[in-house]
J.: 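This is the structure I have questions about; it appears just below.
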Number of protein chains: 2
Amino acid sequence: MSFQKEKAIFTEYIRSKNLKHSEQRQLIMDVFLKTEKHLTAEELYEMVKKKNPSIGYATIYRTMKLLTEAGLCRELHVVDGVTRYEHLYNHKHHDHLICTKCGKFVEIESPRIEELQEKIAKKHGFILTRHRLELYGLCKSCKN
Amino acid sequence: MSFQKEKAIFTEYIRSKNLKHSEQRQLIMDVFLKTEKHLTAEELYEMVKKKNPSIGYATIYRTMKLLTEAGLCRELHVVDGVTRYEHLYNHKHHDHLICTKCGKFVEIESPRIEELQEKIAKKHGFILTRHRLELYGLCKSCKN
DNA sequence: ATTAATATGAAACTCATTATCAACTTGGGC
DNA sequence: GCCCAAGTTGATAATGAGTTTCATATTAAT
């Protein structure tokens, strides 16, 4: 769990864009990588703040944008209007099943659905570039 | 194309909630019903303004919310972060295929995908309440 | 017509996110 | 190690879609 690969990717991205390393970026990346959750900017901010109380909100957003561009992170835009960040590197494509009561996120995968999507797009003469599939409902614990 | 049914539904909704009819509500509903498109609040505002220049933005939002509650309208939240309104009455459930270049909306339908979604939810112990499926790509005209 | 309840438009306010900017780091050349 | 141009930061202002507030205007039941 040292995230060597991810860190190397970020370093390479920084280099390729002639950007610079900074303590803040390292720290935000560390916190993000160590947490296998779908975090909001606010949650990340609170966690990072514990290690560096002078961190600013904007730096969280800026760094998450960089991580996204570097291919380490995916921005999720679910119904509540708040962006969540999830790991992308070494995580194969998936969609989400979300509990509307407790907020639980479950990663789902369905090659059959993907195929059907392609078929539909083709039928309408579209070339698919991406899709969004979210299933909302009540999880096992919340439905009772 | 007189939308008798839709108007009756709205009247009944207004009555059931002890609300009142108003010129503005009628006008906004008319403009919405006559346009078989996925309109934003801004687009509706511009269209309504031509017939009643003193209309306020808030009245558009308030009325669209009422139409949604009455079951005549569905709010669509697609990637650009702007809510769009589409007809719901007499329109069976569908998802969307959206051209990211020209903004074209195509309504799609796939019972097979819906089935698979239910199956996935069930597998994880969820009760599905709704879902969101959007396919993004380039349409026939834009892909060349 | 009276009047109590609801609706309206303008403007203030949210809330997540982005832009601005002066002060501060970073890192490559000496 | 020091310089310094280029990039970064945190605070704060700005943005933009959507909502709330509130004084005034409409509606509809009597």
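Residue numbering restarts at 1 for every chain, and letters A, B, ... go by the order of the sequence lines.
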J.: Give the rounded distance in Å between these two atoms: CG of A:Leu66 and P of D:dG7.
T.: 13 Å
J.: Send over the distance from B:Leu27 CG to D:dT26 C1', rounded to a whole Å.
T.: 16 Å
J.: For B:Leu88, which fellow cluster members are found when Ile, Leu, Val, Met, Phe, Trp and Tyr are connected by side-chain heavy-atom distances below 4.5 angstrom, either directly or through intermediates?
T.: none
J.: Let me know the distance between OH of B:Tyr57 and C1' of C:dC13, rounded to the nearest Å.
T.: 17 Å
J.: Just compare C:dA16, D:dT8, C:dG27 and give me whichever is closest to any side-chain atom of A:His21.
T.: C:dG27
J.: What is the ring orientation for B:Phe105 with B:His96, classed by angle as parallel under 30°, tilted 30 to 60°, or perpendicular over 60°?
T.: perpendicular
J.: Counting N and O atoms only, with roles assigned by atom type, does the side chain of B:Arg25 sit under 3.5 Å from a partner on the main chain of B:Lys20, one being a donor and the other an acceptor?
T.: yes
J.: Rounding to an integer number of Å, can you tell me how far B:Tyr45 OH sits from C:dG9 P?
T.: 9 Å
J.: Report the distance from atom CD1 of A:Ile60 to atom C1' of C:dT18, rounded to the nearest whole Å.
T.: 15 Å
J.: Taking for each residue the nucleotide of DNA chain D bearing the nearest heavy atom, is the 5' side occupied by B:Tyr61 or by B:Gln24?
T.: B:Tyr61
J.: Within the modelled atom types, does a donor on one side and an acceptor on the other bring the side chain of A:Arg62 and the base of D:dG7 under 3.5 Å apart?
T.: no
J.: Could you tell me whether B:Thr83 contacts a base, only the sugar-phosphate backbone, or nothing, with contacts defined as non-hydrogen atoms closer than 4.0 Å?
T.: sugar-phosphate
J.: How long is the line joining CG of A:Asn52 and P of C:dT25, in whole Å?
T.: 11 Å
J.: As a test of reading the structure: which of C:dA7, D:dG10, D:dT19 is closest to the side chain of B:Lys65, going by heavy atoms?
T.: D:dT19
J.: Answer with base, sugar-phosphate or nothing: what part of the nucleic acid does A:Thr40 contact at a heavy-atom distance below 4.0 Å?
T.: nothing
J.: Among D:dT9, C:dA7, D:dA11, which is the nearest nucleotide to the side chain of A:Arg25?
T.: D:dT9
J.: Once you apply a heavy-atom cut-off of 4.0 Å, does B:Lys17 come out as touching a base, just sugar-phosphate, or nothing?
T.: nothing
J.: Name the residue closer to the 5' end of DNA chain D, choosing between B:Glu23 and B:Glu42 according to the nucleotide with the nearest heavy atom.
T.: B:Glu42
J.: Distance alone, cut at 3.5 Å: any donor-acceptor contact between the side chains of B:Glu6 and B:His87?
T.: no
J.: How long is the line joining CD1 of B:Ile55 and C1' of C:dA11, in whole Å?
T.: 17 Å
J.: For the pair made of CZ in B:Arg15 and C1' in C:dA5, what is the distance, rounded to whole Å?
T.: 17 Å
J.: With a cut-off of less than 4.0 Å, is there a side-chain N or O of A:Ser22 near OP1 or OP2 of D:dT9?
T.: yes
J.: Transitive ILVMFWY cluster of B:Leu138 at side-chain heavy atoms under 4.5 Å: who else is in it?
T.: none
J.: Counting heavy atoms from C-beta on, name the nucleotide in C:dT17, C:dT26, C:dG9 closest to the side chain of A:Lys20.
T.: C:dT26
